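Throughout, numbering of the chain's residues begins at 1 and tracks the sequence. Since the structure is predicted, the reported quantities are computational estimates derived from the model, not experimental observations.
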Amino acid sequence: MPNDPVPGLLSRATELLEAEFAGLPAFEAAADLDAMARVLETTARRLGDNYPYFHPLYAGQMLKPPHPVARAAYALAMTVNPNNHARDGGRASSEMEIEAVRGIAAMFGWSASSGSYLGHLTSSGTLANLEALWVAGMLAPGKRVVGSEQAHYTHKRISAVLKLEFTSVAADGRGRMDLNALEAELRRGDVGTVVVTLGTTAIGAVDALDEVLKLKARYGFRVHVDAAYGGYFRLIADDSGEGVLDDAARRAYRATVEADSLVIDPHKHGLQPYGCGCVLFRDAGVGRFYKHDSPYTYFTSKELHLGEISLECSRAGAAAVALWATQQLLPLTPDGEFARGLKSGRAAALELDRRVREDGRFVALAGGGPELDIVVWKVKAASADRASALAQEVFVGCAARDLHLALVQLPQFWFEPAAGAGLVTCLRSVLMKPEHEAWLGRIWERLSAACEEVMGV
């Protein structure tokens, strides 16, 4: 593991926090330090039974280590353990949440000065999407929710919980929502909300939000953008040159300012610990649906209590503190270090895709390269069953060499347009760490060695 700066960072910060409460009478909390040390030693050994998510050779699932300043700020906040439901439980952390969410909203072009949006953190992207669809259902009762078949599975499940009908529409050969299939549903006249995904979990596909908005002008519906995975790529959507987003993705991201609601997960690309999601509504007026009374919660301040615009009650104020601290260190600006990290992961994905396309052992996506930083590829074989079996063997062979990839089942025609409609198991790599670009050569060496062992080539 890399040298951990967090204990040193926490030492001085803890002293400063303790000084803030120095005027209180001293007291001793009951603590058996020896017993706690023994439990933590056992805990450390148990935690060793994990994949090395923090290391650049972990390039499988969407797991990005939280920044040291986020970890330190979270631990520091846990000394107080604030609850961001009401200002009674989290005065400082509530302010930090409002400021951090303001920074995220500004990234999408939503201005706080005009009072034109409402937003808050949630415990996950799932809860954030639930709130967005709940509001959508309140605005269009009895109408359907429509999304791509590649949209996250939680949308269908959330819709069922909310008693909203959800319809999946086909995806094209690049994993994006098929606009013709969408329009066929819209013609039925009963669609209230369309879910647009910016960064699907399978391959990082970016739905054509700009084109969906054109359909909205014709058919009238609410547009919810699920940018839980890919939202932060808005920071580099206006860049040009090598390693940036392609034209279609750039157009989609530039259109986010016109979305009705939007979800982003800071615990993915935002360098935050789990769980930290965020939901934004372009129209602050939707806050009326959250209105409720509490006999004891909202009396210490006439200012906004976050619990008055959230379905969740108790929420970890420490998550807001960690996000605020990270954005102080790494502002959400197109020319900053945070944005450069996104470009690095994107460059790594493009390079891996290039190598896959030049290698006779593999078959890349026929429709083109990755739109964000996720690469998928099929092992070349005489049948889908054989390709799937080889992919699983290569996956195991890579893990034996400390390279951790992922597996995903995708339509065969995405790789070979003449193939049938069946699925094939493929290899998948999420190159979301800034370090992945520098480690790409070593990743490729281990992948090639595993292929040679499994396939003899």
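Here the closest non-hydrogen pair linking Ala320 and Asn84 is CB-ND2, 3.6 Å. Here the closest heavy-atom approach between residue Arg315 and residue Leu121 is recorded as NH1-O, 3.0 Å. Of all non-hydrogen atoms in His267 and Ser124, the two that sit nearest each other are CE1-CA, 4.1 Å. In terms of heavy atoms, Ile309 sits closest to His120 at O-CE1, 2.7 Å. Here the shortest heavy-atom pairing between Leu17 and Leu76 reads CD2-O, 3.6 Å.
Every pair passing ring pair (Phe, Tyr, Trp, His ring centres under 6.0 Å) that includes a residue from residues 430-449 is listed here, sequence neighbours excluded: His55-Trp439.
Evaluation of the salt bridge (charged side-chain N to carboxylate O under 4.0 Å, His left out) rule for Asp4 yields Arg71 as partners, not counting sequence neighbours. With sequence neighbours left out, Glu99 forms a side-chain hydrogen bond (donor to acceptor under 3.5 Å, both in side chains) with Trp324. In this view, Arg222 satisfies the salt bridge (charged side-chain N to carboxylate O under 4.0 Å, His left out) rule with no residue, not counting sequence neighbours. With sequence neighbours excluded, the residues forming a side-chain contact (heavy atoms from CB on, under 4.5 Å) with Arg46 are Thr42, listed by chain and number.
Between the side chains of Ser448 and Arg361, a donor-acceptor pair is found at a separation under 3.5 Å.
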Under 3.5 Å, which donor-acceptor pairs link side chains of residues 193-209 to any protein atom two or more places apart or in another chain?
from	atom 1	to	atom 2	distance (Å)
Thr200	OG1	Gly204	N	3.3
Thr200	OG1	Ala205	N	2.9
Asp207	OD1	Met177	N	2.8
Asp207	OD2	Thr197	N	2.9

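Using a 30° and 60° split on the angle between ring planes, Tyr253 and Phe233 fall in the tilted class, from 30° to 60°.
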